[in-house]
S.K.: 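Take a look at the following structure, please.
Everything numeric in this text was worked out from a predicted model, so none of it was measured. Sequence lines set the chain letters: A, B, ... in the order given, protein chains first and strands last, and positions in each chain run from 1.
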There are 2 protein chains.
Amino acid sequence: MVIVETKRDRRAERRESTTSEILTAAWELAGTQGLAGLSLRELAQKIGMRPPSLYWYFDSKNAIYDAMFLQGNRQLLARMAEVDWPSDAKGILRVCARSFVEFCVEDSRRFQLLFQRTIPGFEPSPEAYAVAVEVVEQMRARLAAAGLHDPAAFDMLTALVSGIAAQQIANEPGGDRWVRLIDEMIDLCADHFISKEANREKA
Amino acid sequence: MVIVETKRDRRAERRESTTSEILTAAWELAGTQGLAGLSLRELAQKIGMRPPSLYWYFDSKNAIYDAMFLQGNRQLLARMAEVDWPSDAKGILRVCARSFVEFCVEDSRRFQLLFQRTIPGFEPSPEAYAVAVEVVEQMRARLAAAGLHDPAAFDMLTALVSGIAAQQIANEPGGDRWVRLIDEMIDLCADHFISKEANREKA
DNA sequence: GTCTATATCCAGATAGAC
DNA sequence: GTCTATCTGGATATAGAC
């Protein structure tokens, strides 16, 4: 039996660790200065580097935004994957809405980057965008699992949950004035859309 | 009979006209470069001025944002005032939601400035903020006229309509994929909240 | 009121030594 | 990999002539 040892690439490990350190610092700075106000000078200073050194890890400032965008979407995918999904339709919708809003209000800058997209010159790369699309597809699949196949129902629910998240973040960060309304609204929508689907199936 | 002629102050008129010309240009630039990317150089160039001349009209760049914020909120007040309000509860809610969303999707930059507030260092002045508060109060009064006095109902509806507007603007600007869902959702909410209020009154 | 000239500062990015 | 030094260009804002 031949054992092929996968040699640890310490260089790659180190590089990855520094890269992630930069991203962590970037998220923190975005929290204090505003996402759009992120500056490479401050970012470098925060981690004890000189600004040009950042370019060894990222091609440009937008590449940093891109990595953050990718990271945020992956976090959301991970979050959705670790959820304990109920089997009844209404339960699925509730859990889906709750996890999504929770994820959003946890970090307002991440919400801004992923879902508001108000950074001046930033457009996600195809690679990062693909992950964002995957997020949407996963959501759509969850709703389908709850019996909702109507695209309009999906659109309506995304507007609802992102609206709740946005209001909570903008008007009462850290609170639950809007978050606590989720269940009531989701139940209302669930009843409505599920009975609509049932009627359509009959026809 | 003594007639007191109110002398036209041509200087003030001219100043006001230039001021409003600057604001118009600012909105246009915001549309192409992004609101946060507005630059005084370009703004001045657009109206055939040199950058320093802008300071004759505004104290700072943020003062321009402030004037835009004020203008936007006044436009919304005006819009709400000229609406032909129905007398039935559901009709009021529909018209209120429709006019609001319509107002938002008309101009994504205005929506961003008024309701997303993602401009780095900008905070509205007390004077401008007061008008924003007035907008909210007017909305609240409309809902009260429709029989909805529950603050939670108000919060829910604001989340819903701003969520619809945001999704429409972000994902399909100029389209109606979300806008066309308003009536269905508002009817659903109207029935729900109105019957809740009725139950409360009984108790 | 508008200009020229300038101050001051900061941005992102690159070249090349070590 | 990280640095120093520097490029280039942008920003907002002010002083003072006309």
S.K.: Can you tell me the distance, in whole Å, between the CZ atom of A/F58 and the P atom of C/dT14?
M.R.: 16 Å

S.K.: Could you tell me the separation between the CD atom of B/E13 and the P atom of C/dG1, rounded to a whole number of Å?
M.R.: 12 Å

S.K.: Let me spell it out: for each of B/G37 and A/R15, pick the nucleotide of DNA chain D with the closest heavy atom. Which residue's pick is nearer the 5' end?
M.R.: A/R15

S.K.: Where the side chain of A/M49 is concerned, which of C/dT2, D/dT2, C/dT4 is the nearest nucleotide?
M.R.: D/dT2

S.K.: Would the number of heavy atoms belonging to other residues, nucleotides or ligands and lying under 6.0 Å from CZ of B/R74 be above 12?
M.R.: no

S.K.: Return the value, rounded to whole Å, for the distance between atom CD of A/Q45 and atom C1' of C/dC10.
M.R.: 14 Å

S.K.: Evaluate side chain to side chain donor-acceptor pair (under 3.5 Å) for B/T118 paired with B/Q112, printing each intermediate quantity in order.
M.R.: CA-CA 7 Å; B/T118 49; B/Q112 190 190 344; 3.0 Å; yes

S.K.: Between C/dG12, C/dC3, D/dG1, which nucleotide gets closest to the side-chain atoms of A/Y57?
M.R.: D/dG1

S.K.: State the CG-CD distance between B/N62 and B/E123, to the nearest 0.5 angstrom.
M.R.: 9.5 Å

S.K.: Salt bridge between B/R11 and B/E16, side-chain N to carboxylate O under 4.0 Å?
M.R.: no

S.K.: Rounded to whole Å, please give me the gap between CD1 in A/I47 and P in D/dG1.
M.R.: 14 Å

S.K.: Let me have a per-nucleotide readout for nucleotides 13-18 of chain D, 5' to 3', with B, S or -, counting only protein heavy atoms under 4.0 Å.
M.R.: BB----

S.K.: May I ask you to check whether B/F100 and B/F115 place their ring centers less than 6.0 Å from one another?
M.R.: yes

S.K.: So, does B/R14 get its side chain near the phosphate of C/dG1, meaning an N or O under 4.0 Å from OP1 or OP2?
M.R.: no

S.K.: Within this structure, what is the CH2-to-C1' distance between A/W56 and C/dA13, rounded to whole angstrom?
M.R.: 18 Å

S.K.: Would B/R79 and B/E106 pass as an ion pair if we require N to O under 4.0 Å?
M.R.: yes

S.K.: Grab the two heavy atoms, one from B/A97 and one from B/I182, that are nearest each other, plus how far apart they are.
M.R.: CB-CG2, 3.9 Å

S.K.: Hey, does B/S99 have a side-chain heavy atom less than 4.5 Å from the side chain of B/M80?
M.R.: yes

S.K.: C/dA13 C1' sits how many Å from A/I64 CD1, rounded?
M.R.: 12 Å

S.K.: Indicate whether OP1 or OP2 belonging to D/dG1 is found under 4.0 Å from a side-chain N or O atom of A/S53.
M.R.: no

S.K.: Regarding B/S39, tell me which of base, sugar-phosphate or nothing describes its non-hydrogen contacts under 4.0 Å with the strands shown.
M.R.: sugar-phosphate

S.K.: Classify B/L38 by what it touches in the nucleic acid, base, sugar-phosphate, or nothing, heavy-atom distance under 4.0 Å.
M.R.: sugar-phosphate

S.K.: Tell me, do B/R110 and B/Q75 make a side-chain contact under 4.5 Å, heavy atoms counted?
M.R.: yes

S.K.: Among residues 119-127 of chain A, which residues get a heavy atom nearer than 4.0 Å to DNA chain C?
M.R.: none

S.K.: Calculate the interatomic distance between A/L43 atom CG and C/dG12 atom C1'; express it in whole Å.
M.R.: 13 Å

